[in-house]
Colleague: 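Before we start, here is the structure in question, set down as structure tokens.
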Amino acid sequence: MVGRLKLACVLFFFSLYLANSALGKVDRLILLNTPISEFTLPVFEGNGNKVWEICGTSATMVGRDLFSLLDAKLHCFAGDFAGGNASSEFFCATSEAATVDSSTHRASGECGIRIVGRNFDATADSWEFLGDSKKIIAKNNVVVFLYENVGELAR
């Protein structure tokens, strides 16, 4: 039941997005005034591999292609991603809140972030995610822990 409700919310959000895109000459933007629960925004490469996804417990539209997300969780994947196995996850980042721009594939937050990768763990007070390059810019009070076998990270 929860899966169907989540799918219905995503389809509703997508239909509003398409309506706003089709009516681009209209000055008014239709915004949802109700948060979408258990929101997920996946981004795929041309070959169908998932590059990254951001999800949260609640998403609210705040503008065209812009939404605020509570309890944000960002997953970035490396190599071929088929089915979501954890071995392909490059890093996972969590933050209490984020602002996401789906048109530029960027996200940011001022509530702090924790980034956990294969061989590192980092925290910062604020951050910005550049989705096209899969990079997080950690800002203010950055602490990084590197573990053995850092491999490509040290290059």
Side-chain angles (χ1 to χ4, degrees), residues 1-14 17 31-155:
M1 180 67 180
V2 172
R4 287 183 183 173
L5 182 60
K6 181 178 176 182
L7 177 62
C9 288
V10 169
L11 290 175
F12 179 71
F13 175 74
F14 186 66
Y17 173 78
L31 294 178
L32 293 175
N33 60 1
T34 304
I36 299 172
S37 298
E38 303 303 324
F39 180 80
T40 301
L41 174 67
V43 175
F44 297 89
E45 292 177 319
N47 61 6
N49 290 337
K50 191 183 293 186
V51 179
W52 59 270
E53 73 179 6
I54 191 164
C55 51
T57 57
S58 176
T60 305
M61 290 182 69
V62 293
R64 182 181 299 276
D65 302 321
L66 191 66
F67 57 92
S68 65
L69 193 60
L70 294 179
D71 299 321
K73 195 168 197 176
L74 170 68
H75 300 274
C76 279
F77 305 100
D80 291 341
F81 176 79
N85 45 13
S87 63
S88 64
E89 186 171 84
F90 181 60
F91 68 79
C92 176
T94 55
S95 182
E96 289 180 25
T99 301
V100 180
D101 187 333
S102 61
S103 65
T104 62
H105 296 165
R106 292 177 176 243
S108 61
E110 300 294 327
C111 292
I113 191 168
R114 179 168 185 223
I115 309 160
V116 178
R118 293 181 196 145
N119 298 310
F120 69 94
D121 194 336
T123 59
D125 287 345
S126 59
W127 56 278
E128 182 177 4
F129 173 66
L130 310 174
D132 292 339
S133 58
K134 294 195 294 188
K135 292 182 181 178
I136 291 183
I137 300 170
K139 306 172 186 177
N140 303 324
N141 299 319
V142 178
V143 177
V144 178
F145 295 97
L146 298 175
Y147 304 114
E148 292 183 40
N149 302 321
V150 292
E152 291 181 23
L153 187 63
R155 294 182 191 168

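Predicted, not measured: the structure shown is a model, and the values here were computed from it. No hydrogens, no waters, no symmetry mates; every other heavy atom, side chains included, goes into these values.
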Colleague: Which distance, rounded to the nearest 0.5 Å, do you find between the CZ of R64 and the CG of D101?
Modeller: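 Separation between the atoms: 11.5 Å.
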Colleague: To the nearest 0.5 Å, tell me how far S126 OG sits from N141 CG.
Modeller: 8.5 Å
Colleague: Ignoring hydrogens, what is the shortest heavy-atom contact between W127 and G112? Give both atom names and the distance.
Modeller: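 Here W127 and G112 meet closest at NE1-O, 3.6 Å.
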Colleague: To the nearest 0.5 Å, tell me how far T123 OG1 sits from R114 CZ.
Modeller: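 It is 8.5 Å, given to the nearest 0.5 Å.
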Colleague: Is any side-chain heavy atom of L74 closer than 4.5 Å to a side-chain heavy atom of I113?
Modeller: no
Colleague: So do the side chains of F129 and V100 get within less than 4.5 Å of each other, counting heavy atoms only?
Modeller: no
Colleague: Looking at OG of S108 and CG of L130, how far apart are the two atoms once the value is rounded to the nearest 0.5 Å?
Modeller: 10.0 Å
Colleague: Atom OG of S68 and atom CE of M61: how far apart are they, to the nearest 0.5 Å?
Modeller: 11.0 Å
Colleague: May I ask you to decide if F77's main-chain N or O and K134's side chain share a donor-acceptor pair within less than 3.5 Å?
Modeller: yes
Colleague: Can F67 and L41 be said to form a side-chain contact (heavy atoms from CB on, under 4.5 Å), step by step?
Modeller: CA-CA 11 Å; F67 57 92; L41 174 67; 4.0 Å; yes
Colleague: Hey, what do you get for NE2 (H105) to CG (D65), rounding to the nearest 0.5 Å?
Modeller: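 Spacing of NE2 (H105) from CG (D65) equals 9.5 Å.
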Colleague: Measure across L69 and A72 and return the closest heavy-atom pair with its distance rounded to 0.1 Å.
Modeller: CD2-CB, 4.0 Å
Colleague: May I ask you to check whether over 12 heavy atoms, not counting those of K139, lie within 6.0 Å of atom NZ?
Modeller: yes
Colleague: If every non-hydrogen atom of D132 is compared with every non-hydrogen atom of T104, which pair is closest and at what distance?
Modeller: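 Of all heavy-atom pairs spanning D132 and T104, the closest is OD2-O, 4.1 Å.
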Colleague: Look only at the side chain of S37 and the backbone of S58, and say whether a donor-acceptor pair between them is shorter than 3.5 Å.
Modeller: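 A pair under 3.5 Å: no.
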